[in-house]
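What follows is a set of notes on a single structure, which appears directly below.
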2 protein chains.
Amino acid sequence: MTSTLGFAILAVLARGERTGYDIAASMRRPLSYFWTAGHSQIHTELQKLLAEGLVSYETEAGPGPQDKKIYRLTGEGTAALRGWITDPPRERPERDELVLKTYAAALADPAALRRLFADQLAKHEARLAEYEREEEAIGGPPGFGDPRWGNYAALRCGLGYERHRAEWCRWMLDQLSESL
Amino acid sequence: MTSTLGFAILAVLARGERTGYDIAASMRRPLSYFWTAGHSQIHTELQKLLAEGLVSYETEAGPGPQDKKIYRLTGEGTAALRGWITDPPRERPERDELVLKTYAAALADPAALRRLFADQLAKHEARLAEYEREEEAIGGPPGFGDPRWGNYAALRCGLGYERHRAEWCRWMLDQLSESL
DNA sequence: CGGAACTATGTCAGTTCTGACATAGTGTCC
DNA sequence: GGACACTATGTCAGAACTGACATAGTTCCG
């Protein structure tokens, strides 16, 4: 029973061999906008994947007291990942602290609420600008089959999300200014 | 140190007194689209909130072996909730299994991917239709101060989210049909 | 009249995730 | 020459969450 985190690691390794450190770096907040994990989680998960035979590694001399371990997918690992991709996703519960705050907002100070949503809007706009730069760098959808297609499709989702979110924040600020 | 779940419960109790069961019902998947919790989590959290003096309860004869407990906010509870609303939200990690699958999609069978995204699109369209019915039922933004304002604002976020998501699914299906 | 669904409480084991602690070499900046 | 960041591994305690188990009265449908 590989967890979703396990498949996230397999998905990263499908792009090429990596150390645990590399995987952690690519799944670090807030860099990765669709899956995050700390290095402690990744090291323990890699040990499970190894026990299940989904990954293997080669050692190299590393900086610390332990050797560096370079992980790669096994044939079994690739097959497991391929099968999982088209399995229906198990529904993760929506848990959105900002919307929860909004739900209870009638109790709060309107001026503080305006600050809250202005901050959020700024964050979403900054991330949107960053994604737009990334989109420009790719320059349009690569063909399906190109591994960068996955990056582009995920980026596309992020763009839509940030636009939706920014628009909602603007609507909120609009509502709040009407209550003056 | 009240957890976000604790504040979610306080936010529900701000609408009126409830039993643990009622709170669980209003936070049940997939009904609540911005915070979910099982009843087991809620009962333990209510005990913590009680120990902190943020909620109180009165007993009434209940159906089961235990008495029914009707919870309400204390003055301290209301104050804690009010303060929390305008605190900056602590960033919850984005974890999106569907986008993760998309990221690795180059490995998968395109026909199965089309089925996956067609299913997801149908789900988002169904939820969108439901939210649109709810919006019509409210009939436009209530004034700020009206407790239903919170419901409307949260609904508004849900509407935007489902639209963004459905559009992305449509784009994905478009991309996948091009790869025939 | 039996069975299912609903109301209502709670426990518990197991999984997942977070954040701190621990170790250690190399390179960079002041 | 010292401080800090980066590379690289790992452990561990505790919080948060899930899903099953346990109990028991009422109400509704067939």
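When reading the values below, keep in mind they use all heavy atoms of this one structure, side chains included, and skip hydrogens, waters and symmetry mates. In what follows, chains are A, B, ... by sequence order, proteins preceding strands, each numbered from 1.
Where B:Q47 and A:T4 meet DNA chain C, the nucleotide closest to each residue was compared, and B:Q47 sits on the side nearer the 5' end. With DNA chain C read from its 5' end, the first of the two nearest nucleotides for A:L5 and B:Y71 is the one closest to B:Y71. Comparing B:R92 and B:H39 by the nucleotide of DNA chain D that holds the closest heavy atom to each, the one mapping nearer the 5' end is B:R92.
Nucleotide C:dG10 holds its P atom 14 Å from the CD atom of B:E45, rounded to whole Å. For A:W35 and C:dT16, the CH2 to C1' distance is 10 Å, given to the nearest whole Å. Here the C1' atom of nucleotide D:dA8 and the CZ atom of A:R28 are 12 Å apart, to the nearest Å. Atom pair A:D22:CG and D:dT7:C1' shows a separation of 9 Å (rounding to whole Å applied). Atom OH of B:Y21 and atom P of D:dG25 are 17 Å apart (whole Å). Whole-Å rounding puts the B:R18 CZ to C:dA8 C1' distance at 16 Å. When the C1' atom of C:dT9 is taken as reference, atom CD1 of B:I70 falls 13 Å away, rounded to whole Å. If you measure from atom CE of B:M1 to atom C1' of D:dA15, you get 11 Å, rounded to the nearest angstrom.
Under 4.0 angstrom from either OP1 or OP2 of C:dT18 there lies at least one side-chain N or O belonging to B:R95. Put simply, A:Q41 has a side-chain N or O that comes within less than 4.0 Å of OP1 or OP2 on C:dC17. The side chain of B:K69 contributes an N or O atom lying less than 4.0 Å from OP1 or OP2 of C:dG10. For B:K48, no side-chain nitrogen or oxygen approaches OP1 or OP2 of D:dA15 to under 4.0 Å.
Taking the six-membered ring where tryptophan is involved, the planes of B:Y152 and A:W171 are tilted, since the angle between them lies from 30° to 60°.
Among residue pairs with one or both ends in residues 128-137 of chain B, those qualifying as salt bridge (Lys or Arg N to Asp or Glu O under 4.0 Å) are B:E132-B:R163; sequence neighbours excluded.
Between the side chain of A:W84 and the backbone N or O of B:K101, no donor-acceptor pair lies under 3.5 Å. Without hydrogens or angle criteria, B:R92 side chain to A:E97 main chain gives no donor-acceptor distance under 3.5 Å.
Scanning atom types as modelled, no donor and acceptor separated by under 3.5 angstrom connect the side chain of A:H43 and the base of D:dT11. A donor-acceptor contact under 3.5 angstrom links the side-chain atoms of A:S40 to the base of C:dG19.
Between A:Y33 and A:Y161, the distance separating the two ring centers is not shorter than 6.0 angstrom.
Among the atoms of the strands shown, none is found under 4.0 Å from any heavy atom of B:R90.
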